[in-house]
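One structure is given here, and the rest of the page talks about it.
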Number of protein chains: 2
Amino acid sequence: MRQRFSPDHYVTGILAGDRLLLSRAITLVESRRPDDQALAQQVLDAILPKTGQSVRIGITGVPGVGKSTFIEAFGTYLTTLGHRLAVLTVDPTSQRSGGSLLGDKTRMETLSMHPAAYIRPSPAGDSLGGVAHRTRESMLLCEAAGFDVILVETVGVGQSETVVHGMVDFFLLLMLAGAGDELQGMKRGIMELADALVITKADGDNQAPANRARVEYQNALHLFPPTDTGWFPPVLMCSALTSVGITGVWQTIQQQQQLTIQNGYRNRRRQHQQLAWFRSLLRQKIEGRFYDQPGIRDQLASIETQVQNGILLPAPAVDRLLNPLSDF
Amino acid sequence: MRQRFSPDHYVTGILAGDRLLLSRAITLVESRRPDDQALAQQVLDAILPKTGQSVRIGITGVPGVGKSTFIEAFGTYLTTLGHRLAVLTVDPTSQRSGGSLLGDKTRMETLSMHPAAYIRPSPAGDSLGGVAHRTRESMLLCEAAGFDVILVETVGVGQSETVVHGMVDFFLLLMLAGAGDELQGMKRGIMELADALVITKADGDNQAPANRARVEYQNALHLFPPTDTGWFPPVLMCSALTSVGITGVWQTIQQQQQLTIQNGYRNRRRQHQQLAWFRSLLRQKIEGRFYDQPGIRDQLASIETQVQNGILLPAPAVDRLLNPLSDF
């Protein structure tokens, strides 16, 4: 980062919708330098009262499902309705895949040029928890900058969907037609997190398979018990190519928002998310203190090998680690 | 507990298959007294080399699905094959429901009288984690006492299925016919943990609905990606009344065991379970040390309220708790 400003300078800029200062503030949030973190925290504390006014939407799906294309079409549609849209990416694999972030940027070219849209890929993170904390904070900064729809995008692998589900009001799962194979590579249980399923690429020859997949998924969703939201996740179809179904996705999100704002669920969901975020951070810090003790990691590795091989039971193993001077 | 013995006395008794000493050792494991815990640990350490030789089976299902009746029929069948069977119950609700444990005992009356069967309901626990640790240790004691099939039973509510899934080789989900309603009250995602689904009470007028439910669940299971075990969970039907299907359940378990022992998955699953058990215990102890500090719980409650209401961000909230003398 080339330059740092006073907290007030960031805050004033962000509240005025200055994208350059918004971007710099997010970079600050993502920085690991303690002084940057302290500065970022001051900015976050100051903008906090101006946050929470957006619709927070999580989007996931396996690679190849057409996430970027969908977001491009969906986002462009939202801007025509007068919405201001921020797109944040949570990609725990980006450290390895390297070029994927640039790839995303290129693919969402039209949207990224739009004055009412802001696209911010997260940098590679060494821990998903870390990425997630920064994404939550980036979301707050975007809200303070006046974006009223936030899309948080993640790839449908690993733990990232659960993490993203924990920071949004609506969780959208993109699926490909071709029943049987389409969940390949996707973590089990993700379908149950979804507030809606959208079958993408429902155009041309793919329309009939998409329709079959829709019925199949709708049946499968009926096997799950209803959630306590009063919302029943629908299965939709869309095509970014023909733009069919894009408006339906937005209508669905609005219906769910109306319902859950009215019945108090959205507020409870957010309160629950805040608390879970705090507890996860607290747990990380408490454990961090323990693991940062000199020599503890080597000792842990040796003890874990013994536990894994069934030579040592967990309880005495924990004692040995916590009370190195005890009898064990 | 009326009386305590030397560690050797317990160990010798357990290895000789003495049920009274087995029961007393489990009571010791379940005791919260530090001296009992130390004694229990000595016993556990000594019997550890004699454990691991059983088939560990988890059984769950919503109340009313007929778990006790199934276990009675299934367990009696196993004893006719010459197996020695231990049934352990993990019931996080037992503290509240009070009489349920006695109820279980009564319902499994025939089995509980059988010389080759041992039934042990867990006492009410204040934390599910705690119950689980004790159940794992009780399982080891039962193995050392020569039981070669261990059933760990849990009610299909809350977190207990995940916990039980984390300590067994085979996870059996009992279901009722009557598609659509039968997952009511069952935690989402449990179906994905199952190594087999069994539709109970498939007799009389219920046979046709059971058949329909079987097809429906088998279809639903096909939507999930295959696990890395090479095992595909089947949907079976059985009736404890007519005894139909009971042998099929045992054949299925044996097939899965053959497969997973051969391909190394069972061993990896157990190693993974041991490690997860250790890490969860370590985390509990590390966090316990933190929360046991004087005054910390009151402070935490007040901070959590502020976080939940969006007045305080998680990061400064954690700082405030961990560094009470800092600027915040």
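Lettering follows sequence order; numbering is per chain, from 1.
- Contacts with chain B (heavy atom to heavy atom, under 4.5 Å) involve these residues of residues 287-296 of chain A, listed by number: Glu287(A), Arg289(A), Phe290(A), Tyr291(A).
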Handout entry: Asn219(A)/Asn219(B) under side-chain contact (heavy atoms from CB on, under 4.5 Å): CA gap, chis, key distance, verdict
Key = CA-CA 10 Å; Asn219(A) 286 343; Asn219(B) 286 341; over 6 Å; no
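- Between Ile286(B) and Val318(A) the shortest side-chain heavy-atom distance does not fall below 4.5 Å.
- Contact record, Phe278(B) with Pro314(A): CA-CB, 3.7 Å, taken as the closest heavy-atom pair.
- Contact check for Asp45(B) versus Leu312(A): no side-chain heavy atoms found under the 4.5 Å cut-off.
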Solution key, residues 46-55 of chain A side-chain donor-acceptor pairs under 3.5 Å, sequence neighbours excluded:
residue: Thr51(A); atom: OG1; partner: Leu48(A); partner atom: O; Å: 2.7
residue: Ser54(A); atom: OG; partner: Glu143(A); partner atom: OE2; Å: 2.6

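- For the pair Gln308(A) and Gln274(B), the minimum side-chain heavy-atom distance is 4.5 Å or more.
- If you measure heavy-atom distances from Ile311(B) to chain A, the contacts under 4.5 Å come from the backbone alone.
- The part of Leu140(B) that comes within reach of chain A is its side chain, from C-beta onward, which places non-hydrogen atoms under 4.5 angstrom from that chain.
- Residues forming a ring-ring contact (aromatic ring centres under 6.0 Å, His included) with Phe171(B) (at least two apart in sequence, or on another chain): His165(B).
- Contacts of Arg33(A) classified as side-chain contact (heavy atoms from CB on, under 4.5 Å), with partners at least two apart in sequence or in another chain: Arg4(A), Ser31(A), Asp35(A), Asp36(A).
- If you take CG on Leu275(B) and CD on Glu304(A), they are separated by 4.5 Å, rounding to the nearest 0.5 Å.
- In terms of non-hydrogen atom pairs under 4.5 Å with chain B, the most contact-rich of Arg279(A), His272(A), Arg270(A) is Arg279(A).
- For Ile303(A), the part lying near chain B is the side chain, with the backbone staying farther off; criterion is any non-hydrogen pair under 4.5 Å.
- At least one side-chain heavy atom of Leu313(A) sits under 4.5 Å from a side-chain heavy atom of Gln41(B).
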